Novice: 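Next up is a structure, given as structure tokens.
Whatever order the structure lists ligands and atoms in, that order sets their numbers, starting from 1. Just so we're clear, the structure is a prediction, and the values are computed from it rather than from any experiment.
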Amino acid sequence: MPEGDVVWRTARQLHEALAGRILVRSDFRVPRYATTDLTGRRVTEAISRGKHLLTRVEGDITVHTHLKMDGSWRVSRATGYPLRDHRIRLILANETWQAVGQQLGIVEVIRTSRESTAVGHLGPDLLGPDWDAEEAVRRLSAQPDRAIGEALMDQRNLAGVGNLYKAESLFLRGLSPWRPVGTIDALPDLVELAQRLLGANKERVGQVITGNPARGEQTWVYGRAGRPCRRCGTSIRRADQGAVTEERVTFWCPHCQG
Ligand SMILES: [Zn+2]
């Protein structure tokens, strides 16, 4: 599941390949937009908002996409050849570059002036230019009885955290994912840590939290169920948490996060 840092990097790749150039190909492979044609229009920019991608095209048009579970955007040299992969949902290409979106969870075309209908519900974007830690804390605090592991994942509180950054931030602060938000004094510190971890990883492929980039060594608890805690040796636990969503699994050390 791509988290905010991956989406931020994807937006930058899309921006570098598409912004300022005229589309010579727009191939929507979702039924609703089968007849939509953006060729001849210039892409103005591509940005991320939390885990959402907004590709803006001249004429008050925004292509809104979301990677959800398995989606990806790949940028490569434009070939002009037909691409026949059934996972492709959208191709945007100019004379030089092509961007191919596969298994995208959301593909929709909206008015740029009405982007708020798609992303207006989001809390402060951890990697956005307008990141506002105080506002994120205010939103989290509004539901004091909610478990912190669930609250951190709610994109209406703060946008960009997924399972990995949730699990790792909570481990590093010694907080159980089930601890009610209202009992945590150090919310500002926790939010700031999540922001720093995402920021530290946004420029690189692969998410390293421990400081050790070796395979299998990058995280403290995420993806390590049944293995010994790197601090205390206790077996790392894994459980589902929160509403039934695509990404509710959480990892924690019952000793360090008691
Ligand atoms: Zn431990």
Novice: Quick one: do the W220 and T210 side chains pair a donor with an acceptor below 3.5 Å?
Specialist: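 Side chains of W220 and T210: no pair found under 3.5 Å.
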Novice: Which atom pairs, donor and acceptor, lie under 3.5 Å between side-chain atoms of residues 86-95 and protein residues at least two apart or in another chain?
Specialist:
| residue | atom | partner | partner atom | Å |
| --- | --- | --- | --- | --- |
| R87 | NE | D85 | OD1 | 3.0 |
| R87 | NE | D85 | OD2 | 3.3 |
| R87 | NH2 | D85 | OD2 | 2.7 |
| R89 | NH1 | H86 | O | 3.1 |
| R89 | NH1 | R87 | O | 3.1 |
| N94 | OD1 | T96 | N | 2.9 |
| N94 | OD1 | W97 | N | 2.6 |
| N94 | ND2 | A17 | O | 2.8 |

Novice: Could you pull out all donor-acceptor pairs under 3.5 Å where a side-chain atom in residues 126-135 meets a protein atom, sequence neighbours excluded?
Specialist:
| residue | atom | partner | partner atom | Å |
| --- | --- | --- | --- | --- |
| D130 | OD1 | R49 | NH1 | 3.4 |
| D132 | OD1 | E134 | N | 3.2 |
| D132 | OD1 | E135 | N | 3.0 |
| E135 | OE1 | R138 | NE | 2.9 |
| E135 | OE2 | R138 | NH2 | 2.9 |
| E135 | OE2 | R139 | NE | 2.8 |

Novice: Could you tally the protein N/O/S atoms lying less than 2.8 Å away from the Zn ion (ligand 1)?
Specialist: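 Those protein atoms number 4 in total.
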Novice: Nearest 0.5 angstrom please: L193 CG to I209 CD1, how far?
Specialist: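 The distance works out to 8.5 Å.
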Novice: Considering only distance and modelled atom types, tabulate donor-acceptor pairs under 3.5 Å from the side chains of residues 250-258, sequence neighbours left out.
Specialist:
| residue | atom | partner | partner atom | Å |
| --- | --- | --- | --- | --- |
| T250 | OG1 | K166 | NZ | 3.3 |
| Q257 | OE1 | C253 | N | 2.8 |
| Q257 | NE2 | L175 | O | 2.9 |

Novice: Inspect the contact between D27 and R29 and indicate whether a charged nitrogen and a carboxylate oxygen are less than 4.0 angstrom apart.
Specialist: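 A salt bridge is present here (some side-chain N lies under 4.0 Å from a carboxylate O).
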